[in-house]
Amino acid sequence: MTHSPFAARRQHLADQIGNGVAIIPTAPERVRNRDTHHPYRFDSYFWYLTGFPEPEAVLVVAGGDRPQCILFCREKNEEREIWDGYRHGPEGARETFGVDLAYPIGELEQRLPELIADRSALWHSLGHDSEWDTRIAAALNAVRAQSRAGKRAPREIRDLRAVLDGMRLIKDSSEIGTMRRAAAISSAGHARAMRHCRPGMAEYELEAELTHEFRRRGAAGHAYTPIVAGGANACVLHYIENDRILPENALVLIDAGCELDGYAADITRTFPVNGRFSPAQRDCYEIVLAAQEAAIAAVRPGASFMAYHEAAVRILAQGMADLKLLPGSVDAVIESESYKRFYMHRTGHWLGLDVHDAGEYKEDREGGEWIKLAPGMTLTVEPGLYIRPAADIPQELHGIGIRIEDDVLVTTGGCEVYTDAPKTVADIEDVMRRD
Ligand code: GLY
Ligand code: MN
Ligand code: MN
């Protein structure tokens, strides 16, 4: 066994499954069109346990007194390596990735029954991939067919995600280091977009500035489809066309983060296309910024996952009242949820290998409460205000859409904000100054 974080995670998994056996396949390659593939992205659970980057690979972890980790992967193949690139092969993979045994992927079907036989439970992400569900059923049946030879199939099929999601919720020091770097690269991308923004540019030109900065600094690319939304496009929460001209006197909202060594950053910044906030834009922006500051202050160990959302909602509701967007007291606005007309999403989510990362939000028991924050959890804090044009809304607020999103690590003393793209009105106007 090596002392890599991957080996430590495999050991931890083995410790939790008793005499059971876990099967973790990586993601398949996906055809884009005809003979062209999407860029390959491994499965996050598989990567978390192996760091093995090739497709057509499966990890089997057998628990018990003498736990074993077995990797199935592609064999070396000179012809295919000329066309598609290096393959570790089972022997190379065993040495480099520190697994106990490695076999060619072609032997999986034949070896799986013996690996699962006489185990108390089989752990798998059932329902994630129907082809795999069929394979697991076939392996179980192959063992059952040997019952007269004294073999027993596992009686229990258990959801592997229940174990791995709990592990992934608390980031280890290796993950925290990677996420800090992903955050730094992504922050630089947003600062670059601010510096290059000019009225008359197309949204995709700003997207290109982010892509440039991400790749220039060694990230794999975007962790998710970026949003570059000029003016009222920002009020469409999942706007991804990014093909309009940026209006001179509007704001532009950019939601983009890079993926580095499998880990996502997730940042949103909103800034004026011409480099100067109008009074109405500034009023709205300051409300969202205050909501974000209040929410970040509510991120600390022991606080409920809901607490920081509630902190943001209170400030936003007060702001909506101040802007005369909604009648009634702040308490009434919160009670009736009328604020949802202008703020309709949650204030954040877990962040890690997946941008909306694995991990429960409520305790895993009957009547469970919202999860309590604990050191090592990583989440986004992303309040927003989206004012779609309507007859009852003051004209100067029409089409203002603002979100401010940062990535935050829960620490023993409170939290650490990973991301540091320009955020205050003064900092944004400073970085965009052209004289
Ligand atoms: N970029 C996805 C999100 O903010 O949730
Ligand atoms: Mn987010
Ligand atoms: Mn985002």
Side-chain angles (χ1 to χ4, degrees), residues 197 199-204 206-207 225-256 268-295 309-349 380-405 423 425 428-429:
C197 185
M201 282 173 86
E203 293 163 342
Y204 51 72
L206 289 186
E207 178 181 333
T225 308
I227 295 168
V228 182
N233 293 339
C235 298
V236 178
L237 295 180
H238 291 164
Y239 176 83
I240 52 169
E241 285 79 4
N242 304 351
D243 61 358
R244 295 304 169 103
I245 300 297
L246 295 168
E248 165 145 23
N249 296 315
L251 297 172
V252 56
L253 179 156
I254 301 182
D255 185 343
T268 307
R269 287 292 184 268
T270 311
F271 53 91
V273 171
N274 64 16
R276 302 283 295 178
F277 285 87
S278 72
Q281 290 166 350
R282 179 185 307 232
D283 288 347
C284 294
Y285 190 87
E286 295 287 11
I287 290 165
V288 181
L289 186 58
Q292 205 220 23
E293 284 167 354
H309 175 63
E310 288 166 355
V313 164
R314 181 151 286 278
I315 304 282
L316 290 169
Q318 179 67 59
M320 291 172 204
D322 295 347
L323 291 171
K324 307 212 173 347
L325 289 172
L326 291 172
S329 70
V330 171
D331 286 334
V333 163
I334 293 172
E335 177 70 22
S336 67
E337 299 190 340
S338 57
Y339 66 84
K340 286 190 172 174
R341 178 174 172 196
F342 306 105
Y343 181 50
M344 57 298 280
H345 60 76
R346 295 269 171 184
T347 305
H349 50 83
T380 65
V381 183
E382 49 178 306
L385 184 63
Y386 311 94
I387 310 173
R388 301 171 76 90
D392 61 336
I393 303 290
Q395 184 74 34
E396 70 273 18
L397 302 180
H398 281 198
I400 289 184
I402 296 168
R403 180 163 63 256
I404 307 174
E405 176 172 28
K423 187 160 68 169
V425 166
I428 289 172
E429 291 190 344

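- Using cut-offs of 30° and 60° for the angle between ring planes, the Tyr339 and Tyr343 rings count as tilted.
- Looking only at side-chain heavy atoms (C-beta outward), Gln318 and Val333 stay at 4.5 Å or farther from each other.
- Of the residues Leu206, Ile245, Leu246, the one that meets the side-chain contact (heavy atoms from CB on, under 4.5 Å) test with Val273 is Leu246.
- In summary, Arg282 and Glu429 engage in a salt bridge, as defined by a charged side-chain N under 4.0 Å from a carboxylate O.
- In this structure, Glu382 contributes its side chain and Thr347 its backbone to no donor-acceptor pair below 3.5 Å.
- Distance alone, capped at 3.5 Å, is enough to place a donor-acceptor pair between the Arg269 side chain and the Glu405 backbone.
- One N or O on the side chain of His398 and one on the backbone of Ala390 form a donor-acceptor pair closer than 3.5 Å.
- Side-chain atoms of Glu396 do not come within 3.5 Å of backbone N or O of Ala280 as any donor-acceptor pair.
- Classification of Asp392 and Lys324 as a salt-bridged pair fails, no side-chain N sitting under 4.0 Å from a carboxylate O.
- In plain terms, the two heavy atoms of Arg314 and Ile334 that are nearest each other are NH2-CD1, 3.6 Å.
- Considering every non-hydrogen atom in both Gln281 and Ile402, the closest pair reads O-CD1, 4.2 Å.
- In terms of heavy atoms, Val330 sits closest to Ala317 at CG1-CB, 4.0 Å.
- Residues Gln292 and Ile404 share a closest heavy-atom pair of NE2-O, 3.5 Å.
- Scanning both residues, Asn242 and Val228, for their nearest heavy atoms gives OD1-N, 3.0 Å.
- Judged by distance alone, with hydrogens and angles left aside, the side-chain atoms of His309 form no donor-acceptor pair with the main-chain N or O of Arg346 at under 3.5 Å.
- The main-chain N or O of Pro226 is never found under 3.5 Å from a side-chain atom of Asp255 such that the two would form a donor-acceptor pair.
- Taking a 6.0 Å sphere around CD of Glu335, one finds it holds 12 or fewer heavy atoms contributed by other residues, nucleotides or ligands.
- Looking at every heavy atom in both residues, Leu385 comes nearest to Leu323 through CD2-CD1, 4.2 Å.
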